[in-house]
Amino acid sequence: MTSELSKTFDPASIEARWYRHWEDNGLFRPERPDAQPFTIVNPPPNVTGSLHIGHALDNTLQDIVIRYERLRGKDALWVVGTDHAGIATQMVVERQLEERQDKRTNYSREDFVKKVWEWKEESGGTITTQLRRLGCSMDWSREQFTMDPHFSDAVLKVFVDLYNDKLIYRDKRLVNWDPKLKTAISDLEVETQDIPGQFWHFKYPLADGIKLDDGRDYIEVATTRPETMLADMAVAVHPDDDRYKSVVGKEVILPITGRKVPIVADEHADPELGSGAVKITPGHDFNDFEVGKRAGIAAGDMLNMLDAEANVCQTADGLVPEEYLGLHRFKRDGVDGARELVIQRLKEQGFLIPHVTKTKKGEEVELDSEPRTIATPFGDRGGVVIEPWLTDQWYVDAEKLAQAPMQAVRDGDIEIIPQSWEKTFFHWMENIQPWCISRQLWWGHRIPAWFGPDGEVFVAETEQQAIDLALQHYNAEAGRSLTVEVLEAASVKHGNKEIGWVGEARDTSDTPSPSNTVILRRDSDVLDTWFSSGLWPFATLGWPDENAPLYQKHYPNDLLISGFDILFFWDARMAMQGMHFTGKAPWKRLYLHGLVRAADGSKMSKSKGNVVDPLGLIDQYGADALRFFMAAMESQGRDIKMDDERVKGYRNFATKLWNATRFCQANGITASTTLEAPAAGHAVNKWIIGEVTETLAKLDTAMADLRFDAAANIIYHFTWDTFCDWYIELIKGNFDEETKAVAGWVLDQILVMLHPFMPFVTEELWGAQGDRANYPLITAKWPDFDAGVDADAKAEVEWLIGLTGAVRGAKNELGIPPGQKLDAYCEAPSALAADAIARNAAAIERLARISTIHTSTAPEGAAMQIGAGTDTLVIPLEGLIDIDAEKARLTKALEASTKEVKSLEGRLGNANFVERAKPEAVEKAKADHAHHGAEVERLTAALERLG
RNA sequence: GGGCGUAUAGCUCAGUGGUAGAGCACUGUAUUGACAUUGCAGGGGUCGGAAGUUCAACUCUUCCUACGCCCA
């Protein structure tokens, strides 16, 4: 009942067909209500994304695990979906508008968001089709999106609950502001790069005629960002710095603005660095912000000199000269900015201290500034320099949320693999900073917070609940009955004067609100995308409904596989939110893999143009080959270098299996009918069943340890070396019923064991091997049999293999044609040899090309001597060989064995070794010594015989 | 500056306190019935350097060098 396989294996012709079959028949998650659950959630790719090589690795590993567990009978659930990817998606749609000379702000927020949804429906989720090409068996029937209604509800609940628990709060402090995207970003989204820059030195004149002890009437400060001096609010010196002790508490008059600012003592100023005095711009520098606070400046009083696009605006004290207003912070697109103008003016006015240096010729020259490498923060999305900017944002108290996950890792409730990542995890968690979660975007989960006219904030899951909270609050305060109206922020012109605490309320149509109305406006910001994706392991399963069947059964997840690059972004946040809201670690094990690098070891990037497209590799070599490559290369704790040749090698492996199956079919070897191994009498069949037993055990161990490389290599070598090169060769010419049954069974075990790695070709071959009664491989049963290893059969076959190898090697070295058949003599064969010879004459003739092994003395004359186990075979070669060549061969082998014997003798003669080494080690040394000693004897005798 | 990782055959990588392996590449060889996307055989490594612990170190410890990553 086999179906004939085509002569050549063509991956493309089977992949799409099988994938459709699996998906259409619901085979990715068959009904298994009573089975033990096994759950993985897929890191949701950006809905804007397309499959890159990193996805290929990440998803291949997950698919291997999920297919393995499915085969083992578990209710294996692989949750899949896409992430709305706030900034990335908004940028995609904005770029499209730009192409049409259109822009986001030409639309209302509502209309723009509608456009994004339209884009998402039409073009989003390209990656989900691409994951299918890789063969990934996720549960598409429950595909999720982070902005699905149920998921969004969960996000709102989480925000509100964390707010009520005081774990989310609003704060005015410096954020990392991206002036290109005009939004705050979290510190994780900032990438610091060293770039060449400059260091300028200024004179800040002391006020009120004061002088330093050395007589100078100014303090020298230095900066890499001169433009910020427009918002300077202090000069700091170290409290112990004697040079400045006399002026602490006095003032300087800033050039340009004329602002009088104090000289404060603060340990932030490093006396060893430059002049020891530093200018302090609390509104535009993280360190200065802290210094400012220590100096008693409230965040709300800190001067701001930049707008959202990092153009200069007037400070609250109105001291920035007109000519600076509107300039960009620094030179951009060839146009000078505030920085350049500040330097020019300071130089003109004599406040710039030149940098004196020497040319190569030793001449002294004066430069405006000192060249210096500056660690500069860039936004990972927008790619422009990040501006520390003073704003009101929402923060998560990450420090509190981090405690439970750390404990979970310490207690082993979460196992991080490889373990070496634990240190990194702890280091970050222990030093975690407040997490800024508000983003000034239109696309995303809108923050469920409504502001009243007095700045009071009402956080609730629904608008009505917010209104109710507001009514309670204001009615109590006003002592009378008010109504509440919610307006978009843009529509609110003023607060409500009538009730007494703020101005007049009007909507944009200039319709005054009734005097007893309180106006609420909803926070216009959205949440950081990672805030929502942190809920992925449980909100995808029905949480917050804790009775949801999927949540009950599949949470906590068993395993999470992700790249180490998102350990902080995503994994740690899932752990924080998961533990806070469910009380349980979201997964038992966290497996972190590395990056896929270009063939030369460099990081792949679009700008370098060295990106490898996994779909191209699939076209060229097949999905199975690419998957196998990923698995075989995935050792723990190392990046993977791309190697097309290796992918090609695994394509060849699939072809090898294809051809082996064709051979089986041609000889009447078909699908097995039992899980148990067939009864076997022939040694070769008993042997191969034992080999399957051993392979399965090794494979299960590797899978349990998540050693993908080991698992792939085990099944690779069993298939190719053991099954194809030895077993099939050994059974050729003897296809009796027993052998056919065993061979068919072994081939089936291979297909099952290989299926997680190479799902397509194995499914095709499985189907072709026979009518499986609508029993596809994807939902077949993992090998489950009780056969053990037959030691006698193993010894016999290994004797045959040893003999064959020895004969082939000797012939090759002596230049005897490999096909030439010879006779051999084994005068006094061991019991093993006698049995092996008696029972395997045909195989010996076919593989070792020995026609007959005589159990008599070999005739006189030139002969070669072959060792097989403990036996020696003499093969007369009268006239066939060059005696010298044979002598050379034997001498070489004798030297090797002699060397071993000597080394082992040395060890065994060492009393310390014999007394102190492990008994096994001593036993092994003795056995090795005996073996090599015998070899020496055998080879010496052989040489003597040759004269 | 702090932390982590890596260094093993020409290349890409496994590996164990008992004397080193795989794939590819290379060399030789084989072709009328599974497979040249193949078979058979072979060459090739003082396991980055130094010291220490040990009967024994590629493996454990310390130091050094080089490269990479993360954090400040």
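In this text the structure is predicted, and so the values were computed from the model without any measurement. Numbered from 1 within each chain, the chains take letters A, B, ... in sequence-line order.
Of the C1' atoms belonging to B:A20 and B:A9, the separation is 10 Å, rounded to the nearest Å. Comparing the same atom, C1', in B:G48 and in B:A36 gives a spacing of 40 Å after rounding to whole Å. Rounded to a whole angstrom, the distance from the P atom of B:G44 to that of B:G28 is 16 Å. Spacing of C1' atoms, B:C69 relative to B:U19, comes out at 34 Å, to the nearest Å. A gap of 33 Å separates the C1' atoms of B:U54 and B:G68, to the nearest Å. Comparing the C1' positions of B:A41 and B:C55 gives an interatomic distance of 39 Å, to the nearest angstrom. Nucleotides B:A7 and B:C47 are separated by 14 Å at their P atoms, to the nearest Å. Straight-line distance between the P atoms of B:G42 and B:G15: roughly 26 Å, to the nearest whole Å.
Nucleotides of RNA chain B nearest to A:Arg597 and A:Thr655 differ in position, and the one nearer the 5' end is that of A:Thr655. Judged by closest nucleotide on RNA chain B, A:Ser420 is the one of A:Lys892 and A:Ser420 placed further toward the 5' end.
For A:Asn910 and B:A56, the shortest distance from a side-chain N or O to OP1 or OP2 is not below 4.0 Å. Not one side-chain nitrogen or oxygen of A:Arg808 sits closer than 4.0 Å to the OP1 or OP2 atom of B:A30. Here A:Lys924 reaches the OP1 or OP2 of B:U19: one of its side-chain N or O atoms lies under 4.0 Å away. For the OP1/OP2 pair of B:C40 and a distance below 4.0 Å, the side-chain nitrogens and oxygens of A:Arg849 include no atom meeting the criterion. Residue A:Lys641 places at least one side-chain N or O closer than 4.0 Å to OP1 or OP2 of B:U12.
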Step by step, work out the side-chain contact (heavy atoms from CB on, under 4.5 Å) result for A:Leu567 and A:Leu592. CA-CA 8 Å; A:Leu567 172 61; A:Leu592 298 167; 4.1 Å; yes

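Distance, A:Tyr650 OH to B:G23 C1': 6 Å, rounded to whole Å. Taking atom CD1 of residue A:Ile417 and atom P of nucleotide B:G5, one finds them 17 Å apart after rounding to whole Å. What separates CD of A:Gln193 from P of B:C69 is a distance of 12 Å, to the nearest Å. Going from atom NZ of A:Lys423 over to atom C1' of B:G2 covers 12 Å, rounded to whole Å. Atom CG of A:Asp725 is separated from atom P of B:A30 by 19 Å (rounded to the nearest Å). Spacing between atom CE of A:Met633 and atom P of B:A22 amounts to 16 Å, rounded to whole angstrom units. When rounded to the nearest whole Å, the span between CG of A:Asp705 and P of B:U16 equals 11 Å. Rounded to a whole Å, the CZ atom of A:Phe629 is 20 Å from the P atom of B:A22.
Both distances falling under 3.5 Å, in either a Watson-Crick or a G-U wobble arrangement, occur for no nucleotide opposite B:C47. Partner assigned to B:G1 is B:C71, using Watson-Crick or G-U wobble distances below 3.5 angstrom. B:U54 is unpaired under the criterion used here, namely a Watson-Crick or G-U wobble arrangement in which both key atom distances are under 3.5 Å.
Of the candidates B:U19, B:A34, B:C55, the closest approach to any side-chain atom of A:Arg916 belongs to B:C55. Of the candidates B:C70, B:A14, B:U12, the closest approach to any side-chain atom of A:Arg707 belongs to B:A14.
A side-chain donor-acceptor contact under 3.5 Å links A:Asn685 and A:Tyr727. Checking A:Trp435 against A:Asp187 by side-chain atom types alone, no donor-acceptor pair falls below 3.5 Å. Side-chain contact annotation: A:Asn659 with A:Arg662, donor-acceptor N/O pair under 3.5 Å present.
Judged by the 6.0 Å and 45° rule, A:Arg907 forms a cation-pi pair with A:Phe913. Under a cutoff of 6.0 Å and an axis angle of 45°, A:Lys698 and A:Phe718 do not form a cation-pi pair.
Heavy atoms of A:Arg662 sit under 4.0 angstrom from primed sugar atoms or phosphate atoms, though from no base atom.
Side-chain atoms of A:Glu729 come within donor-acceptor range of the base of B:A34, with a qualifying N/O pair under 3.5 Å. A donor-acceptor contact under 3.5 Å links the side chain of A:Arg651 to the base of B:U37.
Salt bridge status for A:Lys892 with A:Glu895: absent, with no side-chain N to carboxylate O gap under 4.0 Å.
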